[in-house]
Amino acid sequence: QVRLVESGGGLVQTGGSLTLSCAASGFDLGNYHIGWIRQAPGKEREGLSCISANDGTTYYANSVKDRFTISRDKDNNAVYMHIDDLKPEDTAVYYCTTPSSCNMPWSNYKHLELWGQGTQVTVSS
């Protein structure tokens, strides 16, 4: 079965850190661009970051580029997103997905097909 599984979320205090994981089942993540999206209650999905399949180039939305770091682990067929200095406004369900290109506008990420259940991140103030 082909799917993505997100994990690593949890309840953290403001200023804390988390590393989210995106694991692939049934296919090689290394052949795909992998992006992260989040959806907060009552808000639209927001594109956050992307790592390209070709050369591992990373891309970040301006709103998160100073705190979020995306990386790829080919040995474990996974992509990670490390988040520093968490803020209450980071509270959301986080998903990984497979954009056709990392260069697409971040607003287009909200229309991407989601393959996993997401992982909940809750930041307490």
Side-chain angles (χ1 to χ4, degrees):
Q1 183 179 4
V2 175
R3 61 177 182 154
L4 294 172
V5 179
E6 302 92 345
S7 62
L11 174 63
V12 295
Q13 292 185 332
T14 296
S17 300
L18 279 176
T19 299
L20 308 182
S21 300
C22 173
S25 175
F27 68 102
D28 185 352
L29 267 184
N31 295 327
Y32 291 81
H33 308 301
I34 300 297
W36 283 94
I37 293 173
R38 69 184 177 189
Q39 185 160 23
K43 295 187 178 180
E44 289 188 328
R45 291 176 187 173
E46 178 186 7
L48 303 171
S49 65
C50 186
I51 187 165
S52 74
N54 305 324
D55 57 7
T57 301
T58 57
Y59 301 76
Y60 299 96
N62 286 336
S63 60
V64 302
K65 64 181 180 180
D66 294 331
R67 300 187 295 117
F68 287 38
T69 304
I70 191 171
S71 61
R72 187 186 291 276
D73 183 348
K74 292 185 177 181
D75 290 339
N76 290 304
N77 200 25
V79 168
Y80 307 110
M81 187 165 71
H82 181 74
I83 310 173
D84 285 317
D85 190 23
L86 280 155
K87 306 176 186 300
E89 51 265 39
D90 294 321
T91 295
V93 179
Y94 287 70
Y95 302 88
C96 55
T97 185
T98 53
S100 59
S101 168
C102 282
N103 285 320
M104 67 172 64
W106 294 110
S107 59
N108 286 3
Y109 278 68
K110 64 185 178 183
H111 301 300
L112 294 174
E113 180 181 3
L114 301 181
W115 295 28
Q117 298 299 312
T119 186
Q120 175 72 48
V121 173
T122 303
V123 185
S124 62
S125 58

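Hydrogens, waters and symmetry mates are skipped; everything else that's a heavy atom, side chains included, is used.
- Minimum heavy-atom separation, Pro41 to Thr91: CD-O, 4.4 Å.
- Across every non-hydrogen atom of Val12 and Ser17, the tightest pair is CG1-O, 4.3 Å.
- Interatomic distance, OG1 of Thr97 versus CD1 of Ile37, reported as 5.0 Å (0.5 Å rounding).
- The CD1 atom of Ile83 sits 4.5 Å away from atom OH of Tyr94, with the distance rounded to the nearest 0.5 Å.
- Closest approach of His82 and Thr19 over heavy atoms only: ND1-OG1, 2.7 Å.
- Put simply, the side chain of Thr14 gets close to the backbone of Ser124: a donor and an acceptor are under 3.5 Å apart.
- In this structure, Glu6 contributes its side chain and Tyr95 its backbone to no donor-acceptor pair below 3.5 Å.
- The distance from atom OH of Tyr32 to atom SG of Cys96, rounded to the nearest 0.5 Å, is 13.0 Å.
- Counted within 6.0 Å of CD on Gln120, heavy atoms from surrounding residues, nucleotides or ligands total more than 12; the atom is thus considered enclosed.
- When all heavy atoms are compared, the tightest approach of Ser21 to Trp36 is O-CH2, 3.6 Å.
- Arg45 contributes atom CZ, which lies 4.0 Å from atom CG of Leu114 (distance to the nearest 0.5 angstrom).
- A chain of hydrophobic side-chain contacts below 4.5 Å, direct or via other Ile, Leu, Val, Met, Phe, Trp or Tyr residues, connects Leu20 to Trp115.
- Taking all atoms of both residues into account, the shortest heavy-atom contact from Glu44 to Lys110 is OE1-NZ, 3.0 Å.
- Heavy atoms only, all atoms of each residue included: Cys50 and Pro99 are closest at SG-CG, 3.8 Å.
- Two residues are said to be in side-chain contact when any heavy atoms from C-beta on lie closer than 4.5 Å; Asp28 and Asn77 meet this criterion.
- The shortest distance between side-chain heavy atoms of Ser49 and Tyr109 does not fall below 4.5 Å.
- Between Leu4 and Phe27 there is a side-chain heavy-atom pair separated by less than 4.5 Å.
- With Asn54 contributing its side chain and His33 its backbone, the two residues share no donor-acceptor pair below 3.5 Å.
- To the nearest 0.5 Å, atom CG of residue Leu18 and atom CG of residue Leu11 are 9.5 Å apart.
- Follow the hydrophobic side-chain contacts under 4.5 Å out from Tyr60 and you reach Ile51 in the same cluster.
- Distance alone, capped at 3.5 Å, places no donor-acceptor pair between the Asp73 side chain and the Ala78 backbone.
- Side chain of Arg72 to backbone of Ser52: a donor-acceptor contact under 3.5 angstrom is found.
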Please list, one pair per line, the donor and acceptor atoms closer than 3.5 Å that link side chains of residues 62-70 to other protein atoms, with sequence neighbours excluded.
| residue | atom | partner | partner atom | Å |
| --- | --- | --- | --- | --- |
| Ser63 | OG | Glu46 | OE2 | 3.2 |
| Arg67 | NH1 | Asp84 | O | 3.3 |
| Arg67 | NH1 | Asp85 | O | 3.0 |
| Arg67 | NH1 | Asp90 | OD2 | 2.8 |
| Arg67 | NH2 | Asp90 | OD1 | 3.0 |
| Arg67 | NH2 | Asp90 | OD2 | 3.3 |

